[in-house]
Asks: 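Sharing a structure below in structure tokens format, with a few things to ask.
As the structure lists them, so they are numbered: ligands from 1, and atoms in each ligand from 1.
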Amino acid sequence: MIRKRVLVTGGAGFLGSYLCERLIEAECDVLCVDNMFTGSKRNILHLLDSPYFELMRHDVTVPLSVEVDEVFNLACPASPVHYQYDPVQTVKTSVHGAINMLELAKRTGARILQTSTSEVYGDPEVHPQTEDYRGNVNPLGPRACYDEGKRCAETLFSDYHRQHGVKIKIARIFNTFGPRMHPEDGRVVSNFILQALQNRPITIYGTGNQTRSFCFVSDLVDGLFRLMNSDDAVTGPINLGNPHEVSVLELAERIVTITGSKSELVFLPASQDDPMQRCPVIDKAKAELDWEPRVPLQEGLTRTIAYFEELIEEGWFRRAAMHGGETTRPQ
Ligand code: NAD
Ligand code: UDP
């Protein structure tokens with residue numbers, strides 16, 4: 001049997017590790033390329049014994065020459081804390097990384113899928129967001145390195161498709177959560193769960209009335225898989241996310257209830273350019289991929305809480321406790 005050779009950039013990260021797993025289950029031969037900035041061997045330890053999984057430490061800002069049939073381009077830090085750590089490198093990862101991977105796809109004839117983001121909509125003036133909305137992004141703010149980098153990558157994908165006939169797919173991913181999230185990524189789900197489990201104050205930035213829509217990781221990976229395997233005419237962009245919208249305050253209250261925590265809610269200043277609302281219209285994904293999320297928020301949170309409980313038992317957070325248990329946060 002001839003296995004499809006699939007390259008996953010960012011394969012040791014949160015989403016990438018589940019995608020590698022799914023591809024091996026689908027009898028693909030997987031090459032995971034990662035510079036380990038936010039990724040970790042812990043995420044892929046269980047795959048290292050498979051003859052159909054290979055890990056290559058490599059930075060996508062440097063050209064790569066390998067022979068593959070498909071490329072999933074996930075390499076890029078995704079949380080505000082991580083992508084704002086070295087903003088210039090974040091832009092390079094999105095832009096130079098996209099060019100390098102598109103060149104590879106052009107040379108090999110591989111299909112290539114870009115993991116774009118709901119951040120391309122910025123702080124949206126249209127709600128909920130459809131794919132034809134062009135967005136409201138501040139090109140100068142602290143989130144711009146990520147938002148504009150991802151927007152430019154979408155442009156590059158479109159131009160390689162038009163100009164060179166590269167077979168592209170663009171997924172716009174909305175907030176996704178689940179086990180294997182980086183415990184220090186400062187994202188709302190991981191922060192709130194860790195704070196609740198340790199009975200520390202729950203840090204709400206701003207009023208807590210801002211909204212997000214949270215998709216469980218298994219649903220999201222299923223969407224990426226379906227998109228890659230869709231007809232060549234389906235290029236995207238396609239929103240992938242859970243259309244169940246909740247406020248940050250409601251999320252905090254749910255997590256406190258599920259964990260039975262004694263944590264209080266504390267209100268801190270809002271982050272700059274923080275989008276006030278975010279919710280995907282997923283009609284296109286339903287029609288073109290026959291996809292919609294299946295895992296309800298409550299179930300996804302319960303499973304994610306169990307994962308963070310394990311990390312605490314393993315002693316992951318002693319260091320955080322030594323530093324007063326402070327939580328990282330973006331600008
Ligand atoms: P993550 O930070 O866990 O994974 C990103 C991976 O890319 C990490 O393993 C990291 O080490 C690697 N990486 C970063 N820069 C690299 C470089 N220059 N060269 C090689 N590898 C590099 O994040 P994630 O949540 O798994 O996100 C994966 C992709 O999905 C990202 O492109 C992100 O923008 C996109 N996305 C994620 C979400 C979400 O909610 N998780 C939402 C929208 C879009
Ligand atoms: N947020 C918060 N407290 C935290 C972390 C995040 O109130 O400890 C808020 C944040 O300001 C934003 C929302 O939760 O409004 C989602 O933040 P996250 O960083 O998870 O994702 P993104 O802003 O990229 O959607």
Asks: Cut-off 3.5 Å, side chains only: do Tyr160 and Glu103 have a donor facing an acceptor?
Replies: yes
Asks: Are Arg180 and ligand 1 in contact, using a heavy-atom cut-off of under 4.0 Å?
Replies: no
Asks: Would one find an N or O of Phe192, backbone or side chain, under 3.5 Å from an N or O of ligand 2?
Replies: no
Asks: Around atom 41 (N) of ligand 1, find the nearest protein heavy atom and jot down its residue, atom name and distance.
Replies: Arg187 NH1, 2.9 Å
Asks: Among the heavy atoms of Ala252, does any lie under 4.0 Å from an atom of ligand 2?
Replies: no
Asks: Whether Arg278 and Asp123 form a salt bridge (side-chain N of Lys/Arg under 4.0 Å from carboxylate O of Asp/Glu) is what I want to check.
Replies: no
Asks: May I ask you to say whether Arg134 pairs ionically with Glu125, meaning some side-chain N is under 4.0 Å from a carboxylate O?
Replies: no
Asks: So which protein heavy atom does atom 12 (C) of ligand 1 come closest to, and at what separation?
Replies: Asp34 OD1, 3.4 Å
Asks: Would you call Asp232 and Arg111 a salt bridge, using N to O less than 4.0 angstrom?
Replies: yes
Asks: Give the residue and atom name of whichever protein heavy atom lies nearest to atom 40 (O) of ligand 1, and the separation in Å to one decimal.
Replies: Thr176 N, 2.9 Å
Asks: Salt bridge check, Glu67 against Arg107: does any charged N sit closer than 4.0 Å to a carboxylate O?
Replies: yes
Asks: Minimum distance, heavy atoms only, to atom 20 (O) of ligand 2: which one of Asp274, Leu265, Thr117, Val188 is it?
Replies: Val188
Asks: Name the option, out of Arg278, Gln210, Gln272, that contains the heavy atom nearest to atom 9 (C) of ligand 2.
Replies: Gln210
Asks: Which pair of non-hydrogen atoms, one from Met181 and one from Phe14, has the smallest distance, and what is that distance?
Replies: N-CD1, 3.7 Å
Asks: Take Thr117 and Ile173 through the side chain to side chain contact (heavy atoms under 4.5 Å, CB included) test and state the conclusion after the steps.
Replies: CA-CA 5 Å; Thr117 165; Ile173 303 173; 5.6 Å; no
Asks: Using a 4.0 Å cutoff against the non-hydrogen atoms of Val248, which atoms of ligand 2 qualify?
Replies: 7 (O), 13 (C), 14 (O)
Asks: Starting from atom 17 (C) of ligand 1, which protein heavy atom do you reach first, and at what distance in Å?
Replies: Asn35 ND2, 3.3 Å
Asks: Using modelled atom types only, decide if a donor and an acceptor are shared between the side chain of Ser40 and the backbone of Met36 within a distance under 3.5 Å.
Replies: no
Asks: Less than 4.0 Å is my threshold; does some heavy atom of Lys92 fall inside it relative to ligand 1?
Replies: no
Asks: So which protein heavy atom does atom 28 (C) of ligand 1 come closest to, and at what separation?
Replies: Leu74 O, 3.7 Å
Asks: Quick check on Glu119 - does any of its heavy atoms sit under 4.0 Å from an atom of ligand 2?
Replies: yes
Asks: May I ask you to establish whether Arg180 and Tyr307 are in a cation-pi arrangement, using a distance under 6.0 Å from NZ or CZ to the six-membered ring centre and at most 45° from the ring axis?
Replies: no
Asks: With the threshold set at 4.0 Å, does a side-chain nitrogen-carboxylate oxygen contact exist between Arg5 and Asp69?
Replies: yes
Asks: Out of all atoms in ligand 2, which are within 4.0 Å of some heavy atom of Gly186? Include the element for each.
Replies: 5 (C)
Asks: Any atom of ligand 1 sitting under 4.0 Å from a heavy atom of Ala12?
Replies: yes
Asks: Show me which atoms of ligand 1 lie under 4.0 Å from any heavy atom of His58.
Replies: 19 (N), 20 (C)
Asks: With heavy atoms of Gly10 as the reference, note each atom of ligand 1 found under 4.0 Å away.
Replies: 6 (C), 7 (O), 9 (O), 12 (C)
Asks: Which residue from Phe14, Phe177, Phe174, Phe37 reaches closest to atom 3 (O) of ligand 1 through any of its heavy atoms?
Replies: Phe14
Asks: Below 4.0 Å from ligand 1: does a non-hydrogen atom of Ser116 turn up there or not?
Replies: yes
Asks: What I want to find out is whether Arg143 reaches Glu119 closely enough, with some N-O distance under 4.0 Å, to be called a salt bridge.
Replies: yes
Asks: Could you tell me whether Asn191 and ligand 2 have an N or O pair separated by under 3.5 Å?
Replies: yes
Asks: Using atom types as modelled and distance alone, determine if a side-chain donor or acceptor of Thr130 lies under 3.5 Å from a backbone N or O of Pro128.
Replies: no
Asks: Please state which protein non-hydrogen atom is closest to atom 18 (N) of ligand 1 and give its distance, to 0.1 Å?
Replies: Asp59 OD1, 2.9 Å
Asks: Please list the nearest protein heavy atom to atom 1 (P) of ligand 1 with its residue and the distance rounded to 0.1 Å.
Replies: Thr38 OG1, 3.6 Å
Asks: Against heavy atoms of Ile204, which atoms of ligand 2 measure under 4.0 Å?
Replies: 7 (O)
Asks: Using a 4.0 Å heavy-atom cut-off, which part of His182 comes near ligand 1: side chain, backbone, both, or neither?
Replies: neither
Asks: For ligand 2, indicate whether the residue Arg143 contacts it via side chain, backbone, both or neither (heavy-atom separation under 4.0 Å).
Replies: side chain
Asks: Heavy atoms only: give me the nearest Ser230-Val234 pair and the separation to one decimal.
Replies: OG-CB, 3.6 Å
Asks: If we check side-chain contact (heavy atoms from CB on, under 4.5 Å) with Met56, which of these qualifies: Thr9, Leu31, Asp34?
Replies: Leu31
Asks: Judged on heavy-atom distance to atom 27 (O) of ligand 1, which of Ala78, Gly149, Gly241, Ser94 sits nearest?
Replies: Ala78
Asks: Which ligand 1 atoms, with their elements, are less than 4.0 angstrom from a heavy-atom of Met36?
Replies: 11 (O)
Asks: Determine, stepwise, if the pair Gln195 / Ser263 fulfils side-chain hydrogen bond (donor to acceptor under 3.5 Å, both in side chains).
Replies: CA-CA 7 Å; Gln195 290 161 345; Ser263 294; over 6 Å; no
Asks: Between Asn136 (side chain) and Pro124 (backbone), is there a donor-acceptor pair under 3.5 Å?
Replies: no
Asks: Quick one: does ligand 2 sit under 4.0 Å from the side chain of Arg187, the backbone, both or neither, non-hydrogen atoms only?
Replies: both
Asks: Does some side-chain heavy atom of Val6 sit less than 4.5 Å from a side-chain heavy atom of Val68?
Replies: no
Asks: Walk me through it: do Tyr121 and Asn239 pass the test side-chain hydrogen bond (donor to acceptor under 3.5 Å, both in side chains)?
Replies: CA-CA 11 Å; Tyr121 301 123; Asn239 288 342; 2.8 Å; yes
Asks: Below 4.0 angstrom, N of the basic side chain to O of the carboxylate: do Arg226 and Asp222 qualify?
Replies: yes
Asks: Contact between Lys150 and ligand 1, counting heavy atoms under 4.0 Å?
Replies: yes
Asks: Starting from atom 36 (N) of ligand 1, locate the nearest protein heavy atom and write down its residue, its atom name and how far away it is, to 0.1 Å.
Replies: Tyr146 OH, 3.8 Å
Asks: Out of Gly39, Gly11, Cys76, whose heavy atom is nearest to atom 5 (C) of ligand 1?
Replies: Cys76
Asks: For ligand 2, is any non-hydrogen atom under 4.0 Å from Val189's backbone (N, CA, C, O), its side chain (CB onward), both, or neither?
Replies: neither
Asks: Under 4.0 Å between a side-chain nitrogen and a carboxylate oxygen: does that hold for Glu154 and Arg172?
Replies: yes
Asks: Side chain of His182, backbone of Gly186: donor and acceptor closer than 3.5 Å?
Replies: no
Asks: Under 3.5 Å between any N/O of Tyr205 and any N/O of ligand 2: does that happen in this structure?
Replies: yes
Asks: Tell me which part of Thr203 gets within contact of ligand 2: side chain, backbone, both or neither, using heavy atoms under 4.0 Å.
Replies: both
Asks: Going by the atom numbers of ligand 1, which of them fall below 4.0 Å from some non-hydrogen atom of Gly13?
Replies: 3 (O), 4 (O), 8 (C), 9 (O)
Asks: Give the atoms of ligand 2, by number and element, whose distance to some non-hydrogen atom of Asn175 is under 4.0 Å.
Replies: 21 (O), 22 (P), 25 (O)
Asks: Strictly under 4.0 Å, does any heavy atom of Tyr83 approach an atom of ligand 1?
Replies: no
Asks: Within less than 4.0 angstrom of ligand 2, does Ser79 place any heavy atom?
Replies: no
